[in-house]
Undergrad: 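Here you go, one structure.
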Protein chains: 2
Amino acid sequence: MKDIAAAAGVSRGTVNRVLNGGYVSPEARTAIEAAIAEVGYVPNTAARNLKRRRSEAVGFLALEPHAVLLEDPNIGAIMLGANAVLSLAGYQMVSLVIDSDRDTERVARYLSGGFVDGAIIVSARAYDPITRLIAQIAMPAVFIGHPPDLDNAIPFVGIDNVGSAREITSRLIATGRHRIGMIACALNRDSGGDRLDGYRQALGDRFDPALVAEVPHYDYLGGVNGMRELLEREPGIDGVFAASDAVAAGAMQVLREAGRDVPGDVGVVGFDDSAWAARTQPPLSTVHQPAREIGRHAAELVHRQIGGQTDVPRSVLLPSPVVWRNSA
Amino acid sequence: MKDIAAAAGVSRGTVNRVLNGGYVSPEARTAIEAAIAEVGYVPNTAARNLKRRRSEAVGFLALEPHAVLLEDPNIGAIMLGANAVLSLAGYQMVSLVIDSDRDTERVARYLSGGFVDGAIIVSARAYDPITRLIAQIAMPAVFIGHPPDLDNAIPFVGIDNVGSAREITSRLIATGRHRIGMIACALNRDSGGDRLDGYRQALGDRFDPALVAEVPHYDYLGGVNGMRELLEREPGIDGVFAASDAVAAGAMQVLREAGRDVPGDVGVVGFDDSAWAARTQPPLSTVHQPAREIGRHAAELVHRQIGGQTDVPRSVLLPSPVVWRNSA
DNA sequence: TTGTAGGCGTTATCAA
DNA sequence: TTGATAACGCCTACAA
């Protein structure tokens, strides 16, 4: 900057004014702009951050084991939604992969080092060190999904998993199914537990633990294994609520191999309304998860916190309607 | 830092020495460490960067339209591979979504602002402004996939798309197929063009343009449309090389609906060896793309450049063997 | 082994 | 409208 001040024959203060707005005479301005173009000058952000005490960047943290991260059909859409909003607000979204303890530590340093002004956190587990750090340094942040900790200092954006699960299970009942099972996943995460709760609520007295197969992940393989288990335990099963579309796809594959017609013999419903849902044969009835919107709202919430607003909602619950197709 | 120097009753110089190594007396050290723990002090990275002129971070840039990004089965694995290496070297990988012109501009500022010491670039298009910027400011960088520009200042990591496509097509020929079509995608990208070239080379004189269906993206829908087109143009088709596994999955769905048996009536092969390949019925013969390794090598290449090494290879080509399953 | 002091490139304040 | 100047928090000589 010194260089271009010299080149334009003005002081650094004036250069700064054309950069960041202020009173500058036309002659000075053109001279400076010419010099900037000449040298290809770009302000040093480290210096700027040091002075301004902010980075104009927001971190997007996915605290997932990586296999899960890659399978998740929603996370990409959430990122894009968040990026759209942040981008418009002039913020750089930087997403950080946390894939080991070493990562955790480094990310912690990164966050407290002033590289970002805020954070969007996807599927934090309870007592995660990163989560605690963020709360401790009072960094503007938002969770996607339920907050994992009891203290609700950090707002969250999500959907009503319980309600939607209850609703889609109810409609399975309404279509005359009698032995309705569930393939439940990821019970250590809020979404997993909530969907199981919804299923249970819908069934009420007719709930039968023998009809619930538990599998670790929301993936195709989980659907395959879960369905096999269910079929073995209850050959007369005529309805299945799979905790995600990928799981439902795996389940349908097993049903096909077992010679059961969907939806004739067995009704199947999923969750997410992801690309899977359109690809299954027949297309899947499922719960629409507004991933893009979730990302948008999350970004807005951090942005408002960064801006110092105090009237930020503690939580935002987005509608997640059932999409009725042909699998049930 | 001033604070903790005061708290520990020493000078800032001494504090710095316990932070970054140097001669410090045991008493001073313990006092300082206590003070650090007390306050929860973390060094300000902006200031440190300003002084050291580096950030210990590497950018991961995917210059893709977002829809493509979400569909790509490899990009996640590449990121994880890169992150593993960078993490070990103490670098923070930050991935930046580029989803609009506004994004491009902001990312450019971000890069030249000293937020990262190097960059890994996925599927840059020719004449991309970001690419040019990186070359211009001589930032350590590496491309994943062919370099889009003629000047080869920036090394790249990839696979031999032409060779692998040729090989898998050849084996389709060797199994006795006579009318072998291809569903080609993304011809505006190097991988797309190269795979078509390999197919053409394998067929030699028997190459027939009427047997090539072009679709825009490497996705399931592309496979569906491409296969329909091919079937219409040449009902006697008995072999198909799909430019990716997702495309192959779409094609197989159409073949199934048309009553053609795979591999009995039509042999189908894909490319990527992604999760799709195991899910299709029958499992897909395909080309294994070592995505994780690609990420690893890319990270190593930038890291070595950042370290000032000059003997960095201009390119790394990883093996991409054919995986023979049951679809052909 | 420790303290002091100057500067990294910006921004912000204050006079002029 | 402009220029000088003092921070921002850290690192690194150099002196003690």
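In what follows, chains are A, B, ... by sequence order, proteins preceding strands, each numbered from 1. What you see is a predicted model; the values in this text were computed from it and never measured.
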Undergrad: In sequence, state the C-alpha distance, the side-chain angles, and the governing distance for A/Q92 and A/L86, and then conclude on side-chain contact (heavy atoms from CB on, under 4.5 Å).
TA: CA-CA 7 Å; A/Q92 177 63 51; A/L86 292 173; over 6 Å; no
Undergrad: Just how far is it from atom CE of B/M79 to atom CE of B/M93, taken to the nearest 0.5 Å?
TA: 4.0 Å
Undergrad: Enter the inter-axis angle for the ends of the helix from C/dT1-D/dA16 to C/dA16-D/dT1 (five pairs per end, rounded to 10°).
TA: 40°
Undergrad: Regarding A/D103 and B/S87, is there a side-chain donor-to-acceptor distance under 3.5 Å anywhere?
TA: yes
Undergrad: Does B/I121 reach the side chain of B/I130, with side-chain heavy atoms less than 4.5 Å apart?
TA: no
Undergrad: Could you tell me the separation between the OG atom of B/S112 and the CG atom of A/N44, rounded to the nearest 0.5 Å?
TA: 10.0 Å
Undergrad: Just wondering, are more than 12 heavy atoms of other shown residues or ligands nearer than 6.0 Å to CG in A/D101?
TA: no
Undergrad: Each nucleotide in nucleotides 6-16 of chain C should get exactly one letter: B, S or -. Can you fill that in based on protein heavy atoms under 4.0 Å?
TA: BBBBBB-----
Undergrad: Just call it for B/A28: base, sugar-phosphate, or nothing, with non-hydrogen atoms closer than 4.0 Å on any strand.
TA: sugar-phosphate
Undergrad: Which residues satisfy the side chain to side chain donor-acceptor pair (under 3.5 Å) test with A/R17, sequence neighbours excluded?
TA: none
Undergrad: What range of DNA chain D does chain A touch, first nucleotide to last, counting atoms under 4.0 Å from its heavy atoms?
TA: D/dT1 to D/dG9
Undergrad: Going from CE on A/M139 to CG on A/L133, what distance comes out if it is rounded to the nearest 0.5 angstrom?
TA: 7.5 Å
Undergrad: Looking at B/T14, I'd like to know whether one of its side-chain N or O atoms comes within less than 4.0 Å of OP1 or OP2 on C/dT1.
TA: no
Undergrad: Under 3.5 Å, side-chain donor or acceptor atoms of residues 293-309 of chain B against the rest of the protein: list the pairs with distances, not counting sequence neighbours.
TA:
| residue | atom | partner | partner atom | Å |
| --- | --- | --- | --- | --- |
| B/E293 | OE2 | B/R296 | NH1 | 3.0 |
| B/H297 | ND1 | B/E293 | O | 3.0 |
| B/R304 | NE | B/Q309 | OE1 | 3.1 |
| B/Q305 | OE1 | B/A141 | N | 3.3 |
| B/Q305 | NE2 | B/A141 | O | 2.8 |
| B/Q305 | NE2 | B/L301 | O | 3.4 |

Undergrad: Considering residues at least two apart in sequence or located in another chain, which fulfil the salt bridge (charged side-chain N to carboxylate O under 4.0 Å, His left out) criterion with A/R48?
TA: none
